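Within every chain, numbering begins at 1; the chains are lettered A, B, ... in the order of the sequence lines, protein sequences first and strands thereafter. Treat the numbers as computed from the prediction; the structure is a model and nothing was measured.
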There are 2 protein chains.
Amino acid sequence: MDSAIDLSDSSKALSLPHIRYQLIRLEDTVLFHMIERAQFPLNPTIYKPGAIQMEGASETTTSDGKLLSFCDWVIREQEKLQSQIRRYQSPDEHPFFPDALQPAVLPELNYPAVLWPNDVNVNNELKERYINTILPACCVQTGRPERPEAQENYGSAATADLACLQSLSRRIHFGKFVAESKFLAAPEKFVPLIKSADLAGIDAAITDAKVEAKVLERLGKKAEMYGGDPNMDAEAPRKIDVDAVVNMYRDHVIPLTKIVEVDYLMERLKGTKWE
Amino acid sequence: MDSAIDLSDSSKALSLPHIRYQLIRLEDTVLFHMIERAQFPLNPTIYKPGAIQMEGASETTTSDGKLLSFCDWVIREQEKLQSQIRRYQSPDEHPFFPDALQPAVLPELNYPAVLWPNDVNVNNELKERYINTILPACCVQTGRPERPEAQENYGSAATADLACLQSLSRRIHFGKFVAESKFLAAPEKFVPLIKSADLAGIDAAITDAKVEAKVLERLGKKAEMYGGDPNMDAEAPRKIDVDAVVNMYRDHVIPLTKIVEVDYLMERLKGTKWE
């Protein structure tokens, strides 16, 4: 059960077997949360800024005045609270609303500087893909009609969305550890690519098509296993559509992870002897 | 995937097959959350009032001055926020800190009065059992040493605790729907038992030993399935101890559900022709 990676130990944090173990374990977390979200209808209204009146709510816009959807408001209020318990001090956590973060109520922890200083954060892109593509595919099941909106589930859906988005974000931004580990193992390969801003070359250098195929195969098996029920009929509807989960990884999680890796590496030479 | 029970429709909310379906589905939710919590060490310090200084935190005591543990503080702050999005308007949700609830920012929903007015809430008892018995059993694995405290996981552990406690609480308080359904099906059986405050008699009338054995058997299978990994070695450590999960249901979830059922029925005659 020791699957929470120890980021306070830099030798572990950058060991590829440790990172791989954590990424595999995070697949389970992502799946558990997506299965929970799929209990509720899509409820598209909760993602439309201004569509739901929130009477008496504090801060219904971002600090630069952008109107929040109901779901955004829930995420942002949660990040206010979770920043107080140090969530965003951990190098594998990235906020969706960095403008909302509050001072921590716990003393600061001393994480070793494992990653190179960077401000890579693809959460906006992730959230857009989640709302527009990932969630619609996971919330309807092939051959079954879409369920109507249920106001009773607005809060539950947004709360489940937060858990899904946070686990996806964590999985995707783990790409920074992968990239750092690969960079340290072969700087002579990466430095020239980075210096010439050869994004396609970096992407090719970090891509392992065989590993990717294995991830998708494993994920399909897990979606079968966790989305089923040991006591259900073979024909009974499953808790989540297997293809929707596999496609989510193939079309979004893996590509966004690579964007994180490439973007991170593009900042990797700043302040080094190679700059 | 339609497993969120529709409590806005009283015929569904009190249909025993519907309730049973929801209870079975909630087993998965409970298991998913317990598996996530078991990633982290037990971290007993977070449950001790006053053991962790929370600088600048708002309301580190309940409104009647009781000092909160770190975990309690996280739960209470979460309930403040979740009450704003109507969590506790739903008849199957019960707060751990009723003193903290805030006005909702969404308009009130009209749930039909499915349950008889009552104030049964066993969350204090649940939380005590969770901290002292359930969690220690689920966070250590037979034959493996206990993991040391990890300050880096204080926030993660408390956040996971909230999800565990909320799903357990929802499962246990569903006993109210079970009790109401059984009462309406046979008031002639229950009224005399309630009138004579025959708690043992009520308990016997609501107990079905065969169903309970089936629940435990099913739960063990689920813990095997969700706590494993389709690609793991047969000898690899599992994500959660199967016996710990089965014992949690046998010794705590089922007995607390029965307490809810009995307590609810003891309030069931108030204001009726049978009083």
Distance-minimising heavy-atom pair for B:G228 and A:M225: C-CE, 4.0 Å
What part of B:S90 gets closer than 4.5 Å to chain A, counting heavy atoms only: side chain, backbone, both or neither? neither
At a heavy-atom separation under 4.5 Å, does B:A104 approach chain A through its side chain, its backbone, both, or neither? backbone
Hey, what do you get for CD (A:Q102) to OG (B:S58), rounding to the nearest 0.5 Å? 10.0 Å
Given A:L109, A:L31, A:V105, the one with more heavy-atom pairs under 4.5 angstrom with chain B than any other is A:V105
Per-residue tally against chain A (heavy atom, under 4.5 Å) across B:E217, B:Q89, B:Q151 peaks at B:Q151
Which pair of heavy atoms, one from A:F32 and one from B:Y226, lies closest together, and at what distance? CZ-O, 3.9 Å
Between CG on residue A:L106 and CE on residue B:M54, distance to nearest 0.5 Å: 7.5 Å
Interchain contact, B:T159 with chain A, by part (heavy-atom threshold 4.5 Å): side chain
Taking the side chain as C-beta and beyond, is there a heavy-atom pair between B:K239 and A:R25 under 4.5 Å? yes
Spacing of A:S167 atom OG and B:E36 atom CD [to the nearest 0.5 Å]: 8.0 Å
For each of B:Q53, B:E224, B:R218, tally heavy-atom pairs with chain A at distances under 4.5 Å, and name the one with the top tally. B:R218
When only heavy atoms count and the cut-off is under 4.5 Å, which of residues 75-87 of chain B reach chain A? B:E77, B:Q78, B:L81, B:Q82, B:Q84, B:I85, B:R86
Does any backbone or side-chain atom of B:I24 lie under 4.5 Å from a heavy atom of chain A? Answer side chain, backbone, both or neither. side chain
Gap separating the CD atom of B:Q39 from the CG atom of A:D28, nearest 0.5 angstrom: 8.5 Å
Please state whether the rings of A:H33 and B:H33 are parallel, tilted or perpendicular, taking 30° and 60° as the class boundaries. tilted
Would you say that more than 12 heavy atoms from the other residues, nucleotides or ligands in this model lie under 6.0 Å from the CG of B:N110, or not? no
